[in-house]
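Read through the structure below, which is laid out as structure tokens, and then see the notes.
Please read all numbers here as calculations on a predicted model, not as lab measurements.
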Amino acid sequence: RLGMFVGLCACGLLVLIELGRRMNRYQRLHLATLLVVMALTVVALQAVAWINRVGDIHGSLLSRLSIYEQGAQLWLKGIVFGVGAGTFEVVLPVVNSDPELAEKLWTKAHSTYLALYIEQGILGLIAHIYAFGTVSMILIGDWWRTRSSVAALGGVIVFAIGAHSVFDFSTEIPGVAASVAAILGAILYPSLVAGSDPTLA
């Protein structure tokens, strides 16, 4: 559900980046109508899932909030270097006071940024944000110079992954991480070649 919502927002953002400046009032009205229809579609799909008992959004939300609350208690256990990569499922039970969370094994923090801080400390979190920031700046620079649709697409991908990672762990899934890295690599290569120092590519 969350991934679909972020994906649709990213699609809307891509359309705005590509067409926003060239659209007249009539076209903007059509775009706004399209975005409203997309939003209503997401709500309708969620309603159908809820009616058919496909997932429990209320329980999912409460579980995530509880995980964040319990996970926050781990912040002081490894401020600089963290408690070790991939150890969330080992350390969460140490601080967990929620009986509902204790009923199953939680292997992920349901937030990439929270997981990075807990497992790899402030250094790991800064490195991750720096990497996202660097990629974003290259793509924004390329789009600003050339108005490249490919650079805009790359920027939207980074936005979608970065936004989704706040509440989920998409980049911790190897298939997703590898696919995104390959796509962004292909997009970044021409941007770097066209830059002032082609050897960067």
Item to check | Greater than 12 external heavy atoms within 6.0 Å of Tyr68's OH | outcome: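 Yes - once you tally the heavy atoms of other residues, nucleotides and ligands closer than 6.0 Å, there are more than 12.
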Checklist entry - What closest approach, in Å, do Gly154 and Leu139 show between heavy atoms, and which atom pair accounts for it? => result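 Where Gly154 meets Leu139 most closely, the heavy atoms are C-CD1, 3.3 Å.
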Pairwise side-chain contact, [X] with [Y], heavy-atom cut-off 4.5 Å (strictly under):
| X | Y | answer |
| --- | --- | --- |
| Ser111 | Asp168 | no |
| Glu119 | Phe88 | yes |
| Ile161 | Thr171 | yes |
| Ile157 | Ile187 | yes |

Output side-chain donor-acceptor pairs under 3.5 Å for residues 123-135, partner residues at least two apart or in another chain, one line each.
from, atom 1, to, atom 2, distance (Å)
Thr134, OG1, Tyr130, O, 2.8

Item to check | Main-chain N/O of Val90 paired with Thr87 side-chain donor or acceptor, under 3.5 Å | outcome: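 Checking the backbone N and O of Val90 against the side chain of Thr87, no donor-acceptor pair under 3.5 Å is found.
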Item to check | Same apolar cluster (I L V M F W Y, side chains within < 4.5 Å links), Leu14/Leu184 | outcome: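 Yes, Leu14 and Leu184 fall within the same hydrophobic cluster.
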Checklist entry - Would Val150 end up clustered with Trp144 when hydrophobic side chains under 4.5 Å apart are linked, directly or stepwise? => result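 In one cluster with Val150: Trp144, yes.
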Next on the checklist: Going by side-chain hydrogen bond (donor to acceptor under 3.5 Å, both in side chains), name the residues that satisfy it together with Ser165, two or more places apart in sequence or in a different chain.
Outcome noted: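 Checked Ser165 against side-chain hydrogen bond (donor to acceptor under 3.5 Å, both in side chains); zero matches.
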Next on the checklist: Please report whether the ring centroid of Phe167 lies less than 6.0 Å from that of His110.
Outcome noted: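 For His110 and Phe167, the ring centres are not under 6.0 Å apart.
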